[in-house]
*Asks:* 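Structure provided below as structure tokens; questions to follow.
In the text below, chain A, chain B and the rest are named by the order of the sequence lines, each starting its count at 1.
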Amino acid sequence: MPQDIYDKIMMLAKRRGFIYPSFEIYGGVAGFYDYGPLGSQLKNNIEKIWREYYLLKDKCVEISTPTVTLYEVLKASGHVDEFTDLTVDCKKCKQSYKVEDIIDEKLSVENAIKEEKVKCPNCGVKLKDVHPVNLMFSTKIGIGKSRDAFLRPETAQGIFTDFHLLYRYAREKLPFGVIQIGRGYRNEVSPRQGAIRLREFSMAEAEIFFDPKDKKHPNFEKIKDEQIILFDNIKETKITFEKAVKDKVIDNQALAYYIYLTQDFLLSTGIDAKKFRFRKHGENELAHYATECWDAEIYSERFGWIECVGIADRSAYDLRSHIESTNTDMYAIKKFEKPKTVKIKKITPKMDALGPLFKGKAGKIKNILENMVIKDITKLLIEIDGETVEIPDNCYEIVEKIEKQAMEKFVPHVIEPSYGIDRILYCILEHSYNETEKKGVEYRLLKLNINVAPIKVGVFPLINDQKLVKIAREIDLDLRNAGIATYYDDGGTIGRRYARMDEVGTPFCLTVDHETLKDKTITIRDRDTTKQKRKKLDEIVVYIKDKL
RNA sequence: GCGGAUAUGAUCUAGUGGUUAUGAUAGUGGCUUCCCAAGCCACUCACCCGGGUUCAAAUCCCGGUAUCCGCACCA
């Protein structure tokens, strides 16, 4: 079988300690990969740069929440219902079945369960304990009296469920952003596409909360003349962010700003600008929580255009869902410059009439009436416990009041940039991969950006002479003490050592030679040109630091 | 999930019923004292897993797992 670039990269990745298939000695499992020593460093470096963008440039705050997530949270967020299959287990046959596969075709799944017509296709036993299963990994918290839970399909819900605390931390001012980097899980039906579609993957997500009437970003002015690399499903174009927002290509400044930030971040990690674009989701493509969504797509020779980042306007969807399920106060407050005085009509229930008429329901009705917004009413109809009830007019009075309002409450909207770290990492490897020939032999080179390269400097003595070795080891230690990742190597020949460093993307190599003993200089070799310069020994640490 | 192909050291690969399981690359130790995978010597490492057929299985059969290609599913 001819090897394509993916095979070559995965071969190199395995050989050199970037990526290993997980549990390989037990046959491996699709959708799981390990990061080896260099892969872990590469991933750390990508996440480090990402944090610089979101924590420093954008002043977000970072939190860390559990991967095991309570059923109710994901029920409220819509994830439980989004792609659910109902299944049952037959204890006798020790088999699981999808309910819809084993019931009479005429019955709906709901009715089959209600009427207890779910039977094991193998032994005919009536099956109970129907439980939903979907693409989320389910688990239980505790033993015996346990609670249902899932491994989270996104880190975002951890941020939403802490919103009221974070809003207070942000001193009750909008906009503010919260980030989280962590693992997410999806029990993919068929995880083809190797390292690109994983069942456990690393996500970096930011949730930035805005006043829905003011989706402006304070930094937008500075970046408005930058250009977005845009794909409209027909061709690629470039327009400025300012024009994109003005023409409503992008709905609002906030969304536009994070699209810009994403573009800048990805290009700074070494993604090739020619293999990069943004694409807006069509309406039928949108996830259940999104009103507008942009994908950063990165081109892979093997997989085509891969979605690596999704930037969604989730509006008030999630916070509103959690308010509805828990009654937690997740509103933001906007104080008016001057308090408004408003005439409002309010209903005052007359309990002496209401009570005898509605008995047990009277309390609930009272509550609803007192919180109603009143328009012109001829008939007062309310919904209670699924019924519509008419309230006779002797049961209430409408009173007009003048109230002072100093503020209004609203559910903030959220803009969510969500990054698939593993996909970005693979794309960086693919875009960095170069193949040439040296003396007729295949020569592999990773042109990793210095910021993401797991090793920044290789340090060698030209020959294995103790005088040279001693100096080389000292330089190696100096660099590491200065926070620079190095790799010391005195094995084999000098050419082999350079080749090894080229293959793992190390941008610089320092070699101590005989001249070093005479004039205290050292050669520094550039990975991409293989050219060498001599530098003073005592200037080398500063010289390398400046490049970072 | 369905159908097809594939599975031999870290990597690439020879072997199609009986081999000490082939070769190369990479790796390790040494020699060489050397600026781009040089050379020499030595060494380490493999038949995907489980059953079956057979005197004998890396080789044939069945099942599983993984990878790749279609289809379906998902975003």
Side-chain angles (χ1 to χ4, degrees), chain A residues 1-4 6-33 36 82-85 97-98 101 134-136 153-154 186-197 199 201 279 281-282 284-290 293 295 297 302-303 305-310 312 418 420 423 436-445 458 460-469 489-503 509-516 522-527 529-534:
Chain A
M1 202 185 290
Q3 291 177 356
D4 74 357
Y6 175 80
D7 296 320
K8 287 173 178 174
I9 285 168
M10 292 309 279
M11 233 185 271
L12 185 153
K14 191 173 173 187
R15 207 157 33 80
R16 291 298 189 193
F18 285 94
I19 298 169
Y20 309 134
S22 297
F23 321 117
E24 200 186 19
I25 60 168
Y26 289 97
V29 188
F32 293 92
Y33 284 88
E82 262 313 291
F83 18 77
T84 302
D85 294 329
Y97 302 100
K98 266 199 204 177
D101 287 349
N134 63 10
L135 288 191
M136 294 190 287
E154 57 173 8
R186 287 190 58 175
N187 203 356
E188 295 286 351
V189 179
S190 171
R192 304 287 178 82
Q193 301 174 305
I196 290 305
R197 183 178 287 201
R199 286 184 162 129
F201 50 100
R279 194 179 64 81
H281 277 206
N284 55 348
E285 245 183 309
L286 288 169
H288 64 279
Y289 49 71
C293 185
D295 280 341
E297 298 186 323
R302 168 64 166 266
F303 302 110
W305 289 96
I306 305 171
E307 314 164 12
C308 291
V309 184
S418 172
R423 289 182 169 190
T436 53
E437 273 194 6
K438 271 194 181 177
K439 295 180 182 164
V441 185
E442 208 176 293
Y443 194 90
R444 286 170 297 273
L445 182 63
F460 321 133
L462 180 62
I463 58 167
N464 224 331
D465 176 327
Q466 279 315 301
K467 281 180 232 154
L468 303 187
V469 166
D489 193 357
D490 58 17
T493 62
I494 188 74
R496 187 172 296 255
R497 288 178 247 160
Y498 285 143
R500 256 198 288 262
M501 287 293 99
D502 285 345
E503 201 173 28
C509 291
L510 301 175
T511 303
V512 176
D513 58 14
H514 301 291
E515 275 184 63
T516 310
I522 190 169
T523 67
I524 178 162
R525 169 207 184 253
D526 179 85
R527 177 193 64 204
T529 62
T530 78
K531 295 237 167 73
Q532 295 184 22
K533 286 185 234 168
R534 295 201 78 87

*Asks:* Distances under 3.5 Å only, N/O to N/O: pair up the protein atoms with those of nucleotides 23-28 of chain B.
*Replies:*
unit_1 : atom_1 : unit_2   : atom_2 : d
B/A26  : OP1    : A/Arg496 : NH1    : 3.4
B/G27  : OP1    : A/Arg500 : NH1    : 2.3
B/G27  : OP2    : A/Arg496 : NH1    : 2.7

*Asks:* Would you call A/Lys14 and A/Glu24 a side-chain contact if the rule is heavy atoms closer than 4.5 Å?
*Replies:* yes
*Asks:* How far does the P atom of B/U8 sit from the matching atom of B/G15, given to the nearest Å?
*Replies:* 14 Å
*Asks:* Just checking A/Asp513: base, sugar-phosphate only, or nothing, at a heavy-atom cut-off of under 4.0 Å?
*Replies:* base
*Asks:* Could you tell me how far B/G4 sits from B/C43 if I compare only their P atoms? Round to whole Å.
*Replies:* 47 Å
*Asks:* May I ask you to say what A/Gly194 touches in the nucleic acid, namely base, sugar-phosphate or nothing, with a heavy-atom cut-off under 4.0 Å?
*Replies:* sugar-phosphate
*Asks:* Among B/C68, B/C74, B/A37, find the nucleotide with the atom closest to the side chain of A/Arg197.
*Replies:* B/C74
*Asks:* Quick check on side chain to side chain contact (heavy atoms under 4.5 Å, CB included): which of A/Gln532, A/Arg525, A/Lys531, A/Arg527 does A/Thr529 satisfy it with?
*Replies:* A/Lys531
*Asks:* For the pair A/Asp489 and A/Arg500, find out whether any cationic side-chain nitrogen is under 4.0 Å from an anionic carboxylate oxygen.
*Replies:* yes
*Asks:* Under 4.0 Å, heavy atom to any atom of RNA chain B: which of residues 26-33 of chain A qualify?
*Replies:* A/Gly27, A/Gly28, A/Val29, A/Ala30
*Asks:* Please tell me which of the listed nucleotides, B/C34, B/C36, B/U11, lies nearest to the side chain of A/Leu462?
*Replies:* B/C34
*Asks:* For RNA chain B, whose closest nucleotide is more 5', that of A/Gly491 or that of A/His514?
*Replies:* A/Gly491
*Asks:* Do the non-hydrogen side-chain atoms of A/Ile9 and A/Phe18 ever get within less than 4.5 Å of each other?
*Replies:* no
*Asks:* How would you label the contact of A/Asn464 with the nucleic acid (heavy atoms, under 4.0 Å): base, sugar-phosphate, or nothing?
*Replies:* base
*Asks:* Which nucleotide wins on minimum distance to the side chain of A/Lys14, given the candidates B/C74, B/A37, B/U11?
*Replies:* B/U11
*Asks:* In whole angstrom, give the distance that lies between atom NE2 of A/His281 and atom P of B/C74.
*Replies:* 15 Å
*Asks:* Is it the case that the base of B/C36 and the side chain of A/Tyr443 share a donor-acceptor contact (distance under 3.5 Å, atom types as modelled)?
*Replies:* no
*Asks:* To the nearest 0.5 angstrom, please state how far the CZ atom of A/Arg199 sits from the CG atom of A/Leu135.
*Replies:* 10.0 Å
*Asks:* Consider the side chain of A/Arg186, meaning its heavy atoms from C-beta on, and name the nucleotide among B/U33, B/A75, B/C36 that approaches it most closely.
*Replies:* B/A75
*Asks:* Given side chains that start at C-beta, do those of A/Ile494 and A/Leu462 come closer than 4.5 Å, heavy atoms only?
*Replies:* yes
*Asks:* Counting distance alone, no hydrogens or angles: does the base of B/C35 have a donor or acceptor under 3.5 Å from a partner atom on the side chain of A/Arg525?
*Replies:* no
*Asks:* Is there a donor-acceptor contact under 3.5 Å linking the side chains of A/Thr511 and A/Tyr498?
*Replies:* yes
*Asks:* Take atom C1' in B/C68 and the same atom in B/C36, then report the distance between them in whole Å.
*Replies:* 36 Å
*Asks:* Between B/C35 atom P and A/Leu510 atom CG, what is the distance in whole Å?
*Replies:* 17 Å
*Asks:* Select base, sugar-phosphate, or nothing to describe what A/Glu24 touches, counting heavy atoms under 4.0 Å on all strands.
*Replies:* nothing
*Asks:* Quick one, A/Arg279 with A/Glu307, criterion salt bridge (Lys or Arg N to Asp or Glu O under 4.0 Å). Give me CA distance, side-chain angles, the key distance, then yes/no.
*Replies:* CA-CA 9 Å; A/Arg279 194 179 64 81; A/Glu307 314 164 12; 5.0 Å; no
